[in-house]
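In this chain, numbering begins with 1 at the start of the sequence shown. Heavy atoms only: backbone and side chains are in, while hydrogens, waters and symmetry mates are out. Counting starts at 1 for both ligands and their atoms, following the listed order.
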Amino acid sequence: MSKFLLKKYASLLPYTPGEQPKTGGYIKLNTNESPFPPSEKAREEYLKAFDKLNLYNDPENGALGAAIAKRYGLKTGNVLLTNGSDEALAFIYMAYADAEHPFAAPEISYGFYPVFSQLTGARNVTFPLKPDCSVDADAFVKTEYNVVFANPNAQTGTFMPVEDVERIVAASPERIVAVDEAYVDFGAESSVGLIKKYPNLIVIGTFSKSRSLAGGRIGFALSSEEIVSDLKRIKYSFNPYNLGRAAEAAALGALADEEYFSECTARVKQAREFTRAEAKRLNMEVVDGKANFLLMRSELIDGGELKDRLFAKKIIVRHFSTPYLSPYIRVTIGSMDEMKTFIKVLENILKGAAK
Ligand code: PMP
């Protein structure tokens with residue numbers, strides 16, 4: 001830390017992203033990416049955009065905004081495009097959070113929410129999960145604060161039905177409700193349909209998971225025109241050309257390829273259900289998740305040790321050392337072949353641990 005850093009940032013604890021190994025040869029099940037490459041259409045559009053990289057892009061990202069609006073039955077004024085959905089979340093906090101206006105979040109959720117709270121000087125207000133690891137909708141109905149949660153929730157994968165989301169949004173028009181739907185395409189239901197009815201709802205989406213474009217950094221927020229104009233006020237005071245031409249082109253190509261999207265998400269769901277059943281056969285406790293990952297634990301071995309033993313066999317999973325999550329590993333769903341290898345290796349480790 002230099003002597004110039006402002007005091008308010010001295011205790012800031014940045015988000016720690018999952019490991020990206022520098023060498024190959026690993027089965028990478030740690031950062032919830034897609035195991036499948038981007039769509040061929042995304043590749044074509046991306047390469048066409050390359051020839052125009054000498055020019056700035058449309059700062060409104062109008063073409064992609066229109067395509068996303070069409071897909072979700074909204075108007076272009078309801079869409080904000082961002083450099084990954086992390087940036088959409090950052091803009092939401094910058095626009096609406098400060099010391100008097102915290103966001104309430106589930107105690108176990110996406111690790112970036114407390115970082116954004118700290119960055120914007122807001123208190124970190126959290127509500128515990130229910131005993132089955134699901135988000136406690138009633139706590140969010142009652143709170144007077146702005147609300148943010150991931151649905152399916154991060155780290156657990158549990159899904160809150162849209163009726164419960166509606167109860168939360170409808171409880172007070174005086175607060176923002178931000179629903180982070182990074183993992184919605186793997187079998188959960190989106191709350192986007194509520195946007196026309198509730199101007200205080202923001203739904204956040206990403207091309208990083210179900211559209212196989214994590215490295216492209218393409219995210220979006222969908223909301224009422226008033227909220228989107230607030231968020232644009234922040235965006236155009238920060239970096240008006242987000243997102244860039246190449247990323248926008250790739251996203252347009254991916255969005256045009258619904259067939260590939262359906263095929264990839266179906267394959268992930270199938271591999272997830274295989275993994276769930278096999279992990280249960282091995283006496284793992286598996287949280288009831290609908291995302292492209294599963295949170296699981298064994299009575300025989302702690303999560304951190306299990307992660308290390310899998311790593312020694314070239315399989316990378318995610319482990320969080322907080323007290324709640326420490327017994328678990330979070331396993332991204334890869335291809336069926338990758339998951340078969342994971343189960344085989346897991347079975348051997350557990351056999352050894354049982355002795
Ligand atoms: N929300 C949640 C719940 C996530 O897990 C992630 C990915 N780690 C993000 C948002 C951010 O994704 P991206 O910035 O790649 O769109």
Side-chain angles (χ1 to χ4, degrees), residues 14-20 28-35 38 42 61 64 68 79-94 103 105-117 119 126 129 133-135 147-160 165 177-188 190-191 202-222 231 235 238-239 242-244 247-248 250-251 254-255 268 287 289-295 316-320 322 325 328 330-333:
Y15 177 73
T16 319
E19 187 179 349
Q20 297 293 343
K28 196 173 172 307
L29 308 177
N30 67 331
T31 44
N32 299 343
E33 292 136 326
S34 169
N61 296 120
L64 184 57
I68 290 181
V79 183
L80 174 85
L81 283 153
T82 56
N83 204 355
S85 58
D86 281 337
E87 195 179 67
L89 290 162
F91 290 162
I92 291 166
Y93 272 79
M94 284 161 85
F103 272 82
E107 192 178 337
I108 307 302
S109 194
Y110 185 31
F112 229 132
Y113 306 150
V115 179
F116 290 133
S117 291
L119 192 64
T126 59
L129 299 184
C133 298
S134 65
V135 173
V147 166
V148 64
F149 56 88
N151 196 30
N153 196 21
Q155 322 325 346
T156 58
T158 62
F159 170 65
M160 183 191 291
V165 176
V177 176
V179 183
D180 177 350
E181 294 192 348
Y183 301 108
V184 77
D185 293 328
F186 302 101
S190 174
S191 295
I202 311 176
V203 173
I204 298 117
T206 181
F207 282 63
S208 293
K209 319 290 177 186
S210 55
R211 301 268 175 193
S212 296
L213 285 171
R217 311 306 301 128
I218 303 133
F220 55 92
L222 307 173
L231 298 176
K235 169 174 162 163
F238 183 76
N239 188 355
N242 280 349
L243 51 133
E248 181 179 10
L255 206 56
V268 167
V287 175
K290 283 199 171 181
N292 67 338
F293 59 84
L294 288 171
L295 188 70
I316 314 183
V317 299
R318 191 87 190 258
H319 176 255
F320 299 90
T322 57
L325 290 172
Y328 293 93
R330 192 197 66 188
V331 183
T332 300
I333 304 303

Would you check if there is a donor-acceptor pair between the side chains of Asn32 and Thr332 at a distance under 3.5 Å?
-> yes
Sequence-distant partners of Phe91, ring pair (Phe, Tyr, Trp, His ring centres under 6.0 Å), two or more places apart | Phe238
Name all residues meeting the ring pair (Phe, Tyr, Trp, His ring centres under 6.0 Å) criterion together with Phe116; count only those two or more places apart in sequence or in a different chain, and write none if there are none.
-> Tyr93, Phe112
Around ligand 1, what residues show up once you keep those with a heavy atom under 4.0 Å from it?
-> Gly84, Ser85, Asp86, Tyr110, Ala150, Ala154, Asp180, Ala182, Tyr183, Thr206, Ser208, Lys209, Arg217
Separation between CG of Asp185 and CZ of Phe207, rounded to the nearest 0.5 Å =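 Between atom CG of Asp185 and atom CZ of Phe207 there are 9.5 Å.
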By salt bridge (Lys or Arg N to Asp or Glu O under 4.0 Å) - contacts of Arg330 (at least two apart) =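 If we apply the salt bridge (Lys or Arg N to Asp or Glu O under 4.0 Å) test to Arg330, skipping adjacent residues, there are no hits.
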Are Glu33 and Lys209 ion-paired here, with the side-chain N under 4.0 Å from a carboxylate O?
-> no
